[in-house]
Number of protein chains: 2
Amino acid sequence: MKVLNKETDYAVRALISLGLKPEGWVSAKAISDEQGIPYQFLRRILQELIRQGLVLSKEGAGGGVRLGKNPVEIGVAEVIEIFQGKVQVSECMFRKQLCSNRANCVLRHEIMRIEQMVNQEFSKVTIGKLIADLKAVEAMKG
Amino acid sequence: MKVLNKETDYAVRALISLGLKPEGWVSAKAISDEQGIPYQFLRRILQELIRQGLVLSKEGAGGGVRLGKNPVEIGVAEVIEIFQGKVQVSECMFRKQLCSNRANCVLRHEIMRIEQMVNQEFSKVTIGKLIADLKAVEAMKG
DNA sequence: ATTAACTGATACTAACTTAGTATCAGAATT
DNA sequence: AATTCTGATACTAAGTTAGTATCAGTTAAT
Ligand code: FES
Ligand code: FES
């Protein structure tokens, strides 16, 4: 059961990469090279992130992209939602045969509790936090 | 982001259905009719559950399937693993460029923590628990 | 003014996955 | 012998995923 697809994966990595270079515009080409992400694929991903306001862009030579929000305010949950839609366990697991009152359905609540928990946890993992962790690891190594 | 696919969904529902009829063998046809699950699809799912030991089977007329384990010992996590493989967030999210020491990788740990939590929660949701909840709802309605 | 380095938008493709169907063989009951 | 069941396995259509390609427009440098 794969949770994150390539779009989300690459998006998070691109955002981290941008978070590490807060000043100036960074080209898609540069990120692609640095992270080993297929160029055209990354371009499409960045375009979506731009549409969603997570990153800003500047056209033309010397242009590129940069973060549009504070890294600590970008949760992985948000990125997942953009590229994979809201976390949903199952549209409705037990149908009318077993369960007629959807509204008060205990089973449904059980499942949705997990759903919410996952979302909450992925929200707490922000780009800012990942960068901090990353720097901590670097410091330890050195 | 869909967490459960149809195989898992149908499998859980079939297991609940079997848990509600502990005595005797139940045919795939009967479950299919009761739950509105496509017959041939359900057959294939049951065959897998049998191979995995979650249900027992008896061939021939008057045969069918029945639970092979105590319902409270069948967690949804186990069913997910059978039909969708182990929950895994991402093979490796940040590659060598960002993160050379996989073993001690903080980022990886962060993600795997969530992974483990999801698994744990889905383990706690057993077929037995779902049946109990279901009966509680029924009682309230009546 | 031209060229080069960029993004914006969008169309396309191959490979894989999912959901569902079909078939034939064999076992137990009647 | 007929019927009702599982065991094994092959097949298909539709959808998704990952990746590619193209053309148009913008900015900067020369
Ligand atoms: S109504 Fe869907 S699980 Fe109860
Ligand atoms: S080594 Fe894969 S995330 Fe660090």
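Chain letters run A, B, ... following the sequence lines, proteins first and then strands; every chain starts at 1. These figures come from a predicted structure and were not determined experimentally.
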**OP:** Using both pair distances under 3.5 Å as the test, note the stems of at least 3 consecutive Watson-Crick or G-U pairs that include DNA chain C.
**Re:** C:1-30 with D:1-30

Original post:
C:dG8 C1' sits how many Å from A:I45 CD1, rounded?
Top reply: 16 Å

Original post:
To the nearest Å, how far apart are A:L4 CG and D:dA18 C1'?
Top reply: 15 Å

Subject >> Integer-rounded Å distance: D:dC5 P and B:L56 CG >> reply: 18 Å

Side-chain polar contacts of residues 52-63 of chain A - donor-acceptor pairs under 3.5 angstrom, sequence neighbours left out - could you list them?
unit_1	atom_1	unit_2	atom_2	d
A:Q52	NE2	A:E48	OE2	2.8

Subject >> Pairwise 5' ranking along DNA chain D for A:G62 and A:P38, keeping only the more 5' one >> reply: A:P38

**OP:** Determine: side-chain N/O of A:K2 to OP1/OP2 of D:dA18, distance under 4.0 Å, yes or no.
**Re:** yes

Original post:
Which value, rounded to the nearest 0.5 Å, describes the distance between A:L130 atom CG and A:R13 atom CZ?
Top reply: 12.5 Å

**OP:** Please list all pairs passing the ring-ring contact (aromatic ring centres under 6.0 Å, His included) test where one or both residues lie in residues 47-70 of chain A, with sequence neighbours left out.
**Re:** none

Original post:
What distance do B:Q84 atom CD and B:T8 atom OG1 have between them, rounded to the nearest 0.5 Å?
Top reply: 3.5 Å

So which protein nitrogen or oxygen atoms get under 3.5 Å of nucleotides 6-9 of chain D's nitrogens or oxygens?
unit_1	atom_1	unit_2	atom_2	d
D:dT6	OP1	B:A28	N	3.0
D:dT6	O3'	B:S57	OG	3.4
D:dG7	OP1	B:S57	OG	2.8
D:dG7	N7	B:R43	NH2	2.7
D:dG7	N7	B:Q47	NE2	3.3
D:dA8	OP2	B:R51	NH1	3.3
D:dA8	N7	B:Q47	OE1	3.0
D:dA8	N7	B:Q47	NE2	3.3

Subject >> Residues forming a salt bridge (Lys or Arg N to Asp or Glu O under 4.0 Å) with B:E7, sequence neighbours excluded >> reply: B:R44

Subject >> Selection residues 54-80 of chain B - residue pairs positive for ring-ring contact (aromatic ring centres under 6.0 Å, His included), sequence neighbours left out >> reply: none

**OP:** Let me know the distance between CZ of B:R13 and P of C:dA19, rounded to the nearest Å.
**Re:** 13 Å

**OP:** Linking directly or through intermediates, with side-chain heavy atoms under 4.5 Å: list the remaining ILVMFWY members grouped with B:V72, chain and number order.
**Re:** none

Original post:
Starting at NZ of B:K6 and ending at P of C:dG20, how long is that distance when rounded to a whole Å?
Top reply: 6 Å

Original post:
In whole angstroms, how far is the P atom of C:dT29 from the CH2 atom of B:W25?
Top reply: 11 Å

Subject >> Contacts of type ring pair (Phe, Tyr, Trp, His ring centres under 6.0 Å), residue A:Y39, not counting sequence neighbours >> reply: none

**OP:** Give a yes/no on whether any side-chain N or O of A:Y10 is located under 4.0 angstrom from OP1 or OP2 of D:dG19.
**Re:** yes

**OP:** Could you state the atom-to-atom distance from CZ of A:F41 to P of C:dA11 in whole Å?
**Re:** 18 Å

Original post:
What is the distance from CG of A:N5 to P of C:dC16, rounded to the nearest Å?
Top reply: 17 Å

Subject >> Which residues share a side-chain contact (heavy atoms from CB on, under 4.5 Å) with B:Q47, sequence neighbours left out >> reply: B:R43, B:R51

